[in-house]
Each structure stands twice: as structure tokens, then as C-alpha cells.
Chemist: 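Have a look at this one before I ask anything.
Numbering of ligands and ligand atoms starts at 1, following listing order.
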Amino acid sequence: MISKSKEIIKGNLLSPLPIILVGSLVNSKPNFLVIGYSSPFDFGKYTFFSLYKKRYTRIGIHEHQTFSINIPSVDLINKTNICGTKSGRDIDKSKLFTIFYGELKTAPMIQECPVTMELKVADVIDYGRNEGIIGEVINSYVNSECLNNGKLDMRKVNPILWATGGDYNYYSLGNRLNIPAE
Ligand SMILES: Cc1cc2nc3c(=O)[nH]c(=O)nc-3n(C[C@H](O)[C@H](O)[C@H](O)COP(=O)(O)O)c2cc1C
């Protein structure tokens, strides 16, 4: 889009980003929080996300060196919102979902989420009040009905997207452009 005028606005505009629920086992109980700032790298072998050190979920990530990433569909918006606004210190978020475990045994995953992954902590980067958690993807799980000939169809996943740039609201996915990336 060509525009005659540009304005400088505050913040990181690499957006929208998919909302993820990151899960860990804290005091033997599954706990989940919403993460907006996440990114895969090294062609998806690893994922980075930004975690405030005060988060309750962080305790389990550090103790077990494992965590899960769960992609909620739009129909899970209310439960997702609870995970993003209430701390496991104050409420038991394990009751919100049906939990399953994979190979790692200590990365609680959410049955109701169409896409889930279990990860091992590969690195932790100290950023003062925050840390960058880098996880290696060990296994990825998808609901069969979200596959088309073995390929993930994001329209069926119907993820929740989150916009920065001052908006900080949720969006749903738009149209598929049908132009395959080589
Ligand atoms: C849209 C949205 C995005 C968020 N992104 C992050 C994030 O990137 N990093 C983070 O530490 N907290 C983030 N949060 C806040 C946590 O999800 C929230 O504080 C949660 O209640 C912490 O739960 P816990 O204390 O049980 O771990 C986000 C919340 C929302 C609603």
C-alpha cells in the first residue's frame, strides 16, 4: 500500500501474532498462560517466547525444563482469556481443560486445542524482568479433522490472532490466498 505520509508510532509492529497457551507442571499441577510474543526460528525447529519472570508458569518450566505450546481456536476465547488474566497463584487453571501428555511426560497439553506441541528448554536468555525462553520442538500433535491430505489446514484450526500497534485486540484468520510458497 503506497501512502504519501508516514507516522512514527510506538512499539514493535511485527504483528499480528498467533495467541498461544504455554503450559507447564507447577507443583505437580498443569498451569497455562497466554503468550502473545512468540516466534519460531531455525525453520521451525525451535520456538522463542517472551516470559515475565513473575509468571507462575515459569516455575514449572525451570523445574522440569519442558513446556507445551497449545494453539486455541476462536471458540476457546473465554477460557484463553482466563489464562491470560488470572495467575495460577490465585486460581486452579488445570480444571479448565482436558490434559494429555506425550513423550516428555512433564509438558501438559490441552486436548481441546487442535494444535499442540511438546518442547524441551534449549536456552534461557536473561532480559531483566523478562526472559526469552527457547524451546526445541520434540513432537507436534494435530486434530485429524484439521488435516487435508496430511497437511495442516489453518482455516480448520481457526486460531486466535493478536494485534499490537496500540490495538492489542484479538482477530480471527482471513482468507487463504492459494499462492503456494515455493
Ligand atoms: C493477549 C495477551 C498476551 C500476553 N502475552 C504475554 C507474554 O508474551 N509474556 C508474558 O509473560 N505474559 C503475557 N501475558 C500475560 C499472562 O498470560 C498473564 O499474566 C497470566 O495470567 C500469567 O499466568 P501465570 O501467573 O499463571 O503464569 C499475555 C496476556 C494476554 C491477555
Chemist: Is it the case that K54 places NZ or CZ above or below the six-membered ring of Y52, under 6.0 angstrom from the centre and within 45 degrees of the axis?
Modeler: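 Yes, a cation-pi geometry.
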Chemist: Is there a donor in the side chain of Y141 and an acceptor in the side chain of E118, or the other way round, less than 3.5 Å apart?
Modeler: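 E118 and Y141 do have a side-chain donor-acceptor pair below 3.5 Å.
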Chemist: Would you call the rings of Y46 and F41 parallel, tilted or perpendicular, taking 30° and 60° as the class edges?
Modeler: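 Aromatic pair Y46/F41 classed parallel.
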Chemist: Test Y37 against every option in T164, I20, N130 by the side chain to side chain contact (heavy atoms under 4.5 Å, CB included) rule and name the one that passes.
Modeler: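 When side chain to side chain contact (heavy atoms under 4.5 Å, CB included) is applied between Y37 and each of T164, I20, N130, only T164 qualifies.
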Chemist: Using a strict cut-off of under 4.0 Å between a residue heavy atom and any atom of ligand 1, list the qualifying protein residues by chain and number.
Modeler: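 Under the 4.0 Å cut-off, ligand 1 touches I19, N31, L33, V34, I35, G36, Y37, S50, L51, Y52, R55, Y56, T57, C83, G84, T85, K86, S87, G88, K93, W162, Y170.
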Chemist: Could you work out, with salt bridge (charged side-chain N to carboxylate O under 4.0 Å, His left out) as the rule, every residue matching K53, not counting sequence neighbours?
Modeler: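 So K53 forms a salt bridge (charged side-chain N to carboxylate O under 4.0 Å, His left out) with D126.
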Chemist: Between E112 and K79, is the closest basic N to carboxylate O distance under 4.0 Å?
Modeler: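 Salt bridge absent between K79 and E112.
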